[in-house]
Amino acid sequence: MLELRGVSRVFEKRLDTVEKLARLLGAPVAEARVNAVDDASFDVARGEVVGLVGESGCGKSTLGRMVAGLLPVTRGTIRFEDADVTDAASPAARAARLKLQMIFQDPMSSLNPRMRVEEIVGEAAVHHRLTTRAEMTDYVAATLAKVGLDPAYAQRYPHQFSGGQRQRIGIARALAVQPDFLICDESIAALDVSIQAQVINLFQDLRRDLDLTYLFISHDLGVIEHIADRVVVMYLGRVVEIAPAEALFDGPRHPYAQALLDQAPRLDAGRRVFHPIKGEIPSPLNPPPGCHFHPRCPLAGPRCRREAPALRHDGPRAVACHLEDGGTA
Ligand code: SF4
């Protein structure tokens, strides 16, 4: 359903006044470039929930925004069904983008505080002719019911709701344009733990009832283990492991995925000892050469410091580590 091939996104940090001045005086100062996402390739099948995990700053949100069409790619292609969604000008891409909706982390900042729920949820549906202005009230009521909200709330404003209810409004707004694919970017991270469980259950119910497919971005491995069919692990902009969720949580193969799971609180945490990943995550402005993980990897060898490992596919799994090709690190 979704196909990413060699997707990359480079951000340029502009020079500040002092740096510009230094350059005018002849200093070798150049704009810094950040490879926020570097050559990411994976697929999502219809009906699947693919979890995208990694530490903060690994590029997972940037990748989600590119899939949603909110951020252009620097290189590579993203195909949804048969449309190239990276071709912003094409009518097929515009139609595909309507089917790809994003649910954000902070419902308060993503909802217009001056609009009533009816307008928030119904405007885009009217604009895209999925309903008429005359029928919008009924359309919104039906959509609110799908996310477990009382349709009588439609005339209220976002500040009159709890965090969990606001997130349900955000989900209703996405559902109102009848998407096939939801990109959930830390969509439950801002909620209380008890509310998180309710919203996860809502996502699972919607998946079953509306035949939805998800790219579920989260730093919370407990949530990913619970909801995802397959998991894509990212480190400093690169995909380092792809695996069915059960296989990954039973036995991660990439040393970073092993370390990430080792330090994460899990449902069986009572009998686990946590081992934090050693060292700080390096600055994406100046990533280590070769395998980006080598300064923190207990298995790193000379090859890791000079050569970036390719993502090697082995059945349903793929791992980017020199140790995977039978050679040495
Ligand atoms: Fe560790 Fe080397 Fe594998 Fe990178 S390529 S994860 S540094 S062993």
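Owing to the predicted nature of the structure, the values given are computational and were not obtained by experimental measurement. The figures that follow rest on heavy atoms only: side chains count, while hydrogens, waters and symmetry mates do not. Whatever order the structure lists them in is the order used to number ligands and atoms, beginning at 1.
Arg5 is not listed as a side-chain neighbour of Arg79, based on a closest heavy-atom distance of 4.5 Å or more. Proximity of Glu81 to Met1: side-chain heavy atoms (C-beta onward) are separated by under 4.5 Å at one or more points.
Of the heavy atoms in Leu323, only side-chain atoms (C-beta onward) come closer than 4.0 Å to ligand 1.
Atom 5 (S) of ligand 1 has His322 N, 3.4 Å as its closest protein atom, hydrogens excluded (heavy atom only). Ranking protein heavy atoms by distance to atom 4 (Fe) of ligand 1, first place goes to Cys291 SG, 2.4 Å.
Closest approach of Leu52 and Leu63 over heavy atoms only: CD2-CD2, 3.9 Å.
Under a 4.0 Å criterion applied to the non-hydrogen atoms of Cys321, ligand 1 contributes the atoms 3 (Fe), 5 (S), 6 (S), 8 (S). Listed by atom number, the atoms of ligand 1 under 4.0 Å from His254 heavy atoms are 6 (S). Atoms of ligand 1 found under 4.0 Å from any heavy atom of Cys304 (numbered from 1 in listed order, with element): 2 (Fe), 5 (S), 7 (S), 8 (S).
Between the side chains of Asp185 and Ser61, at least one donor N or O sits under 3.5 Å from an acceptor N or O.
Note: Leu149 CG to Ile169 CD1 = 6.0 Å, rounded to the nearest 0.5 Å.
At least one N, O or S atom of Cys297 sits under 2.8 Å from atom 1 (Fe) of ligand 1.
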Tell me, with the steps shown, if Glu48 and Arg230 meet salt bridge (Lys or Arg N to Asp or Glu O under 4.0 Å). CA-CA 8 Å; Glu48 228 186 353; Arg230 274 192 313 132; 2.6 Å; yes
